[in-house]
K.L.:
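First the structure, which I've put down as structure tokens, then a few questions once you've had a look.
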Amino acid sequence: MTVNLKIRSQALTGEKGKKNWIKRASARAMLRAVDFKNDEDFKKPLIAVASPYTNATPCNNHLEELGNLLKKELFNNNTMPIIFGTPIVSDGITMGTEGMKYSLPSRELIADSIETMIEAYYCDAAITLGGCDKSIPGAVMPLARVNIPGIFIYGGSIQPGKYKGKDLTIVSTFEAIGEYNKGKINKKELHEIECSSCPGSGACGGMFTANTMASAMEVLGLSLPYTVTTPAVTEKNELHPRKITEIKEAAKAIKNLLKNRIFVKDILTKKAFENAITIVMALGGSTNAVLHLLALAHEADVDLTLKDFQRISNRTPLIANMKPSGKYVMTNLDKIGGIPVVMKHLLDNKLLHGDCLTVTGKTIYENIIDLGKIPEKQDLLYTVKKPLAKKGQHIKILFGNLAPEGCLIKLSGKKISKFSGYAKVFEKEEDALNPVLKGKIKKGDVIVIRGEGPKGGPGMREMLQITGAVAGMGLQKDVALITDGRFSGGSHGIIIGHIAPESFVGGPIALIKNNDKIEIDLQKREINLLITSKEMQKRKKLIKPAKIKPAKGYLAKYREQVTSASLGAITT
């Protein structure tokens with residue numbers, strides 16, 4: 001028996017022999033002007049293809065080519081693609097500028113754009129592509145929101161840059177700025193690092209936000225196995241041949257999902273999210289994964305909180321030696337088996353739920369059961385029994401009197417149990433950069449950057465520029481940085497972000513004064529301002545409303561709608 005794959009789109013195109021066939025003649029007339037050439041085409045399912053191409057960033061520069069290939073393959077598989085783009089904001093390019101305020105909000109804009117196209121055209125299924133940080137969660141949130149059959153395709157990681165025999169990433173350039181100011185390198189060396197860091201198309205190479213979220217998508221079951229570690233391009237900067245194969249497989253897989261009526265919410269269960277958090281902890285992934293997985297869980301109607309991240313962190317060791325804290329990049333992981341090898345090891349050690357459904361129509365267990373063990377004679381992947389760092393030593397969720405709703409720190413195996421120091425307070429990121437570069441920040445200082453939360457920014461800017469400068473100045477082990485903003489996946493050091501409530505809404509971070517003592521206690525999982533409760537109450541009474549930084553257009557709407565970072569900074 002033939003299964004009808006037009007589970008929604010008959011409302012748009014009509015169905016021959018039914019009453020709505022006549023009524024939808026005008027819609028078909030317009031569609032005939034594009035890719036619908038005959039009556040048979042209107043019997044085929046409509047597949048939304050979100051292809052967020054832009055030449056403004058290497059992360060998404062090649063997605064136009066991928067999107068066009070996917071469009072062709074969908075035609076070949078008797079489906080009708082409707083292809084479109086979305087806005088894209090490059091974190092690495094806008095970092096340290098006002099333009100970065102649009103980065104996190106662009107996640108919502110991308111999600112809303114894709115939802116709009118899926119719903120307006122009654123698409124039966126969707127395949128979304130993503131490259132840079134926000135285009136990944138932005139591409140999958142609407143799939144859960146609309147709840148149709150859907151697949152996510154990652155554009156792939158950039159090839160590593162090369163300089164003096166070392167692999168480079170974009171973080172290398174940020175840190176080189178600090179090294180130059182410290183006198184460790186000269187202007188010529190800085191320029192050579194700049195010119196060598198990004199050799200072609202693809203997302204930033206380390207286990208930064210894009211690669212972290214792509215890995216999470218494969219473990220969630222929304223991407224086909226073995227696909228997220230495939231490089232975007234070859235060393236000649238040509239589209240990687242495995243990407244072409246993956247496009248063909250995705251075009252077939254989406255039909256299978258339609259035939260079997262497998263919807264995104266069938267895949268995005270609480271167990272699936274626990275698997276995704278596990279891979280983030282095991283690989284040493286970005287803190288931004290916390291924001292994005294909370295937001296995706298909200299769209300999927302899954303109850304996920306910060307406490308779930310801590311619970312899973314407590315049982316998961318760090319086993320990947322990946323940049324920014326480690327040695328290797330995504331292309332190195334690809335060469336030893338990619339994400340499935342990591343998943344198989346975690347599954348064998350009872351750290352993953354193997355019964356979760358995936359876009360293959362099979363479970364995780366069925367997808368990877370035949371895989372072998374982690375390869376020997378390599379130092380990228382360690383084992384659960386002999387990890388790079390023990391359980392609970394990657395991302396920790398902290399509370400305390402400075403973060404009643406929570407905040408987080410990325411340890412990546414750093415052996416820190418307690419840090420205390422004296423506050424140097426700045427009202428925005430730019431104000432802190434020059435003091436760091438001019439050597440005014442000393443060992444034992446706690447840099448406090450506030451007013452950068454979801455509402456305060458608005459937009460919760462990342463701070464790779466400042467953390468890169470701290471690292472480049474050689475202070476990453478001796479200076480702490482705390483903020484109600486967030487950090488790039490490329491950041492490392494004693495850094496605490498997502499402090500909630502944020503200062504803009506009167507959170508305790510707004511009460512800190514210069515030279516106040518701040519204590520970070522990782523044993524208790526707390527961050528505290530060391531003043532008396534009486535002084536705290538006094539300051540609360542005297543605190544003045546935050547100076548509202550001007551916001552217009554989209555940012556004004558975002559400020560009005562966005563929630564706390566502890567909830568994923570969502571707007572729906």
K.L.:
Would you find a donor on one side and an acceptor on the other, under 3.5 Å apart, between the side chain of S223 and the backbone of F152?
P.N.:
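It does hold such a pair.
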K.L.:
Run the salt-bridge test on D334 and R242 with the 4.0 Å N-O cut-off and return the result as yes or no.
P.N.:
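Counted as a salt bridge, because a side-chain N and a carboxylate O are separated by less than 4.0 Å.
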K.L.:
Indicate whether the side chain of Y53 and that of N61 have a donor and an acceptor atom separated by less than 3.5 Å.
P.N.:
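Side-chain D/A pair, Y53 to N61: absent.
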K.L.:
Working to the nearest 0.5 Å, report the span between OG1 of T287 and CG of L408.
P.N.:
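Those atoms lie 5.5 Å apart.
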K.L.:
Please report the closest heavy-atom contact between V264 and I148, naming both atoms and the distance.
P.N.:
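Scanning both residues completely, I find the closest heavy atoms to be CG2-O, 3.0 Å.
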K.L.:
With no hydrogens and no angle check, is any side-chain donor or acceptor of S51 less than 3.5 Å from a backbone partner on F84?
P.N.:
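A pair under 3.5 Å: no.
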K.L.:
Could you measure the distance from the CG atom of L222 to the CD1 atom of I136? Nearest 0.5 Å is fine.
P.N.:
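Separation between the atoms: 12.0 Å.
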K.L.:
Please identify which of these residues, R486, K134, K410, meets the side chain to side chain donor-acceptor pair (under 3.5 Å) condition with N288.
P.N.:
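Exactly one pass, corresponding to R486.
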K.L.:
Compute whether any side-chain donor of one residue and acceptor of the other, for E108 and Y558, lie under 3.5 angstrom apart.
P.N.:
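No - no donor-acceptor pair under 3.5 Å links their side chains.
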K.L.:
Looking only at atom types and distance, does a side-chain atom of T483 sit under 3.5 Å from a main-chain N or O of G497, one as donor and one as acceptor?
P.N.:
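No: the side chain of T483 does not pair with the backbone of G497.
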K.L.:
Answer yes when D35 and K71 have at least one side-chain N-carboxylate O distance shorter than 4.0 Å, and no when they do not.
P.N.:
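Judged by the 4.0 Å cut-off on N to carboxylate O distance, D35 and K71 do form a salt bridge.
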K.L.:
Looking at side-chain heavy atoms only, is the closest gap between E452 and K428 below 4.5 Å?
P.N.:
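Counting from C-beta outward, E452 and K428 do come under 4.5 Å.
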K.L.:
Is the count of non-hydrogen atoms from other residues, nucleotides or ligands lying under 6.0 Å from E366 atom CD greater than 12?
P.N.:
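It does: E366 CD has more than 12 such atoms within range.
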K.L.:
Might you work through the side-chain contact (heavy atoms from CB on, under 4.5 Å) test for Y180 and K187, ending with a clear yes or no?
P.N.:
CA-CA 7 Å; Y180 171 76; K187 192 176 288 186; 3.5 Å; yes
K.L.:
Assess whether atom OH of Y163 is packed by more than 12 heavy atoms of other residues, nucleotides or ligands within 6.0 Å.
P.N.:
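Above 12, so yes.
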K.L.:
Closest approach of V562 and T571, non-hydrogen atoms and distance?
P.N.:
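Minimum heavy-atom contact is CA-CG2, 3.9 Å.
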K.L.:
Mark yes or no for whether D167, through its side chain, and V329, through its backbone, hold a donor-acceptor pair below 3.5 Å.
P.N.:
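No.
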K.L.:
Please tell me if the side chains of L293 and F309 come closer than 4.5 Å, counting only heavy atoms from C-beta onward.
P.N.:
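Yes; the side chains approach each other to less than 4.5 Å.
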K.L.:
Quick one: are F273 and L296 in side-chain contact, heavy atoms under 4.5 Å?
P.N.:
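Yes, their side chains come closer than 4.5 Å.
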K.L.:
In the structure I gave you, are the side-chain heavy atoms of T209 and H292 within less than 4.5 Å of one another anywhere?
P.N.:
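Side chain of T209 against side chain of H292, heavy atoms only: contact under 4.5 Å found.
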K.L.:
Please report the interatomic distance NE2(H498) to CG(L294), rounded to the nearest 0.5 Å.
P.N.:
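Reported value, rounded in 0.5 Å steps: 10.0 Å.
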K.L.:
If you apply the rule side-chain hydrogen bond (donor to acceptor under 3.5 Å, both in side chains), what do you find for Y328 with D379, and how did you get there?
P.N.:
CA-CA 9 Å; Y328 294 102; D379 63 343; 2.3 Å; yes
K.L.:
Taking everything shown except K182 itself, do over 12 heavy atoms lie less than 6.0 Å from its NZ?
P.N.:
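Result for NZ/K182: open.
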K.L.:
Between K101 and E98, is there a salt bridge with N-O shorter than 4.0 Å?
P.N.:
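Yes.
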K.L.:
Indicate yes or no: at least one non-hydrogen side-chain atom of I153 is less than 4.5 angstrom from one of T128.
P.N.:
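In short, these two side chains do not touch, never coming nearer than 4.5 Å.
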K.L.:
When you measure from the side chain of D266 to the backbone N and O of F263, does any donor-acceptor pair fall under 3.5 Å?
P.N.:
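Yes, the answer is positive, given that a donor and an acceptor are paired below the 3.5 Å cut-off.
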K.L.:
Give the C-alpha distance, both sets of side-chain angles, the deciding distance and a yes or no for side-chain contact (heavy atoms from CB on, under 4.5 Å) between T383 and I319.
P.N.:
CA-CA 6 Å; T383 66; I319 63 171; 5.9 Å; no
K.L.:
If you count the non-hydrogen atoms of other residues, nucleotides and ligands that lie under 6.0 Å from NZ in K72, is the total more than 12?
P.N.:
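Result for NZ/K72: open.
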K.L.:
Of all the heavy-atom pairs spanning I193 and L168, show the shortest one and how long it is.
P.N.:
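Closest heavy-atom pair between I193 and L168: O-CD1, 4.1 Å.
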K.L.:
Can you tell me how far CD1 of I127 sits from CG of L70, rounded to the nearest 0.5 angstrom?
P.N.:
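If we round to the nearest 0.5 Å, L70:CG and I127:CD1 are 4.5 Å apart.
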K.L.:
For the side chain of N181 and the backbone of I177, is there at least one donor-acceptor N/O pair under 3.5 Å apart?
P.N.:
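Looks like yes, one N/O pair under 3.5 Å.
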K.L.:
Considering all heavy atoms of both residues, which atom of A176 and which atom of L190 are nearest to each other, and what is their separation?
P.N.:
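Between these two residues, the closest heavy atoms are CB-CD1, 3.6 Å.
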K.L.:
Tell me whether the count of non-hydrogen atoms from other residues, nucleotides or ligands lying under 6.0 Å of OH in Y554 goes above 12.
P.N.:
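Above 12, so yes.
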K.L.:
I'd like to know if the side chain of Q476 and the backbone of I494 have a donor-acceptor N/O pair within less than 3.5 Å.
P.N.:
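Checked: no pair found.
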K.L.:
Please answer whether the main-chain N or O of K188 pairs with a side-chain N or O of N186 as donor and acceptor at a distance below 3.5 Å.
P.N.:
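Yes; at least one donor-acceptor contact below 3.5 Å.
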K.L.:
Does N77 use its side chain to pair, donor to acceptor, with the backbone of A251 at less than 3.5 Å?
P.N.:
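Pair absent, no side-chain N/O of N77 close to backbone of A251.
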K.L.:
Using side-chain heavy atoms (C-beta onward) and a distance below 4.5 Å, is L357 in contact with K271?
P.N.:
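A side-chain contact under 4.5 Å is absent here.
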K.L.:
Above 12 or not: heavy atoms from other molecules or residues under 6.0 Å from OH of Y121?
P.N.:
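No, because the 6.0 Å sphere around OH of Y121 holds 12 heavy atoms or fewer from other groups.
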K.L.:
Does this structure show an ion pair linking K164 with E189, if we count only N-O contacts that are shorter than 4.0 Å?
P.N.:
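Counted as a salt bridge, because a side-chain N and a carboxylate O are separated by less than 4.0 Å.
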K.L.:
Hydrogens and angles aside, do S172 and S197 bring a side-chain donor and acceptor to less than 3.5 Å of each other?
P.N.:
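There is no such pair (donor and acceptor under 3.5 Å, judged by atom type) between the side chains of S172 and S197.
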K.L.:
In terms of side-chain heavy atoms, does S103 have a donor or acceptor partner in E462 at a distance below 3.5 Å?
P.N.:
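No donor-acceptor contact under 3.5 Å links the two side chains.
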K.L.:
If you measure from CD1 on I254 to CG on D124, what distance do you get to the nearest 0.5 Å?
P.N.:
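Rounded to the nearest 0.5 Å, the CD1-CG separation comes out at 10.0 Å.
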K.L.:
Of the non-hydrogen atoms in L63 and G130, which two are nearest, and what is the gap between them?
P.N.:
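Heavy atoms of L63 and G130 come nearest at CD1-C, 4.0 Å.
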K.L.:
Ignoring hydrogens and angles, state whether a donor on the side chain of T212 or S286 is under 3.5 Å from an acceptor on the partner side chain.
P.N.:
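Side chains of T212 and S286: no pair found under 3.5 Å.
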K.L.:
Keeping T169 on the side-chain end and G206 on the backbone end, is there a donor-acceptor pair under 3.5 Å?
P.N.:
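Such a contact is absent between T169 side chain and G206 backbone.
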K.L.:
Out of Q378, M207, K327, which residue meets the side chain to side chain contact (heavy atoms under 4.5 Å, CB included) rule with N321?
P.N.:
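The side chain to side chain contact (heavy atoms under 4.5 Å, CB included) with N321 is passed solely by K327 among Q378, M207, K327.
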K.L.:
Flag yes if more than 12 heavy atoms outside K162 fall under 6.0 Å of its NZ atom; otherwise flag no.
P.N.:
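Enclosed.
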K.L.:
Atom CG of D133 and atom OG of S90: how far apart are they, to the nearest 0.5 Å?
P.N.:
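The CG atom of D133 sits 8.0 Å away from the OG atom of S90.
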K.L.:
When you look at E73 and N76, which way does the side-chain contact (heavy atoms from CB on, under 4.5 Å) test go after all the steps?
P.N.:
CA-CA 5 Å; E73 287 303 318; N76 290 342; 3.8 Å; yes
K.L.:
Does the pair L411 and H394 meet the rule for a side-chain contact (heavy atoms from CB on, under 4.5 Å), with working shown?
P.N.:
CA-CA 5 Å; L411 289 172; H394 180 47; 5.8 Å; no
K.L.:
If we count only N and O atoms by modelled type, under 3.5 Å, do the side chains of N211 and Y154 hold a donor and an acceptor together?
P.N.:
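A pair is found: one side chain offers a donor N or O, the other an acceptor, under 3.5 Å apart.
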K.L.:
Measure across L129 and A139 and return the closest heavy-atom pair with its distance rounded to 0.1 Å.
P.N.:
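Taking L129 first and A139 second, the nearest heavy atoms are O-CB, 3.9 Å.
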K.L.:
Can you find a pair of side-chain heavy atoms, one from E246 and one from T227, that are under 4.5 Å apart?
P.N.:
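Yes, close enough: below the 4.5 Å cut-off.
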K.L.:
When you compare the side chain of S135 with that of N60, does any pair of heavy atoms fall below 4.5 Å?
P.N.:
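Contact flag for N60/S135 side chains = yes.
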K.L.:
I'd like to know if D91 and R461 make a salt bridge, using a cut-off of under 4.0 Å between side-chain N and carboxylate O.
P.N.:
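Looking at D91 and R461, the cut-off is not met.
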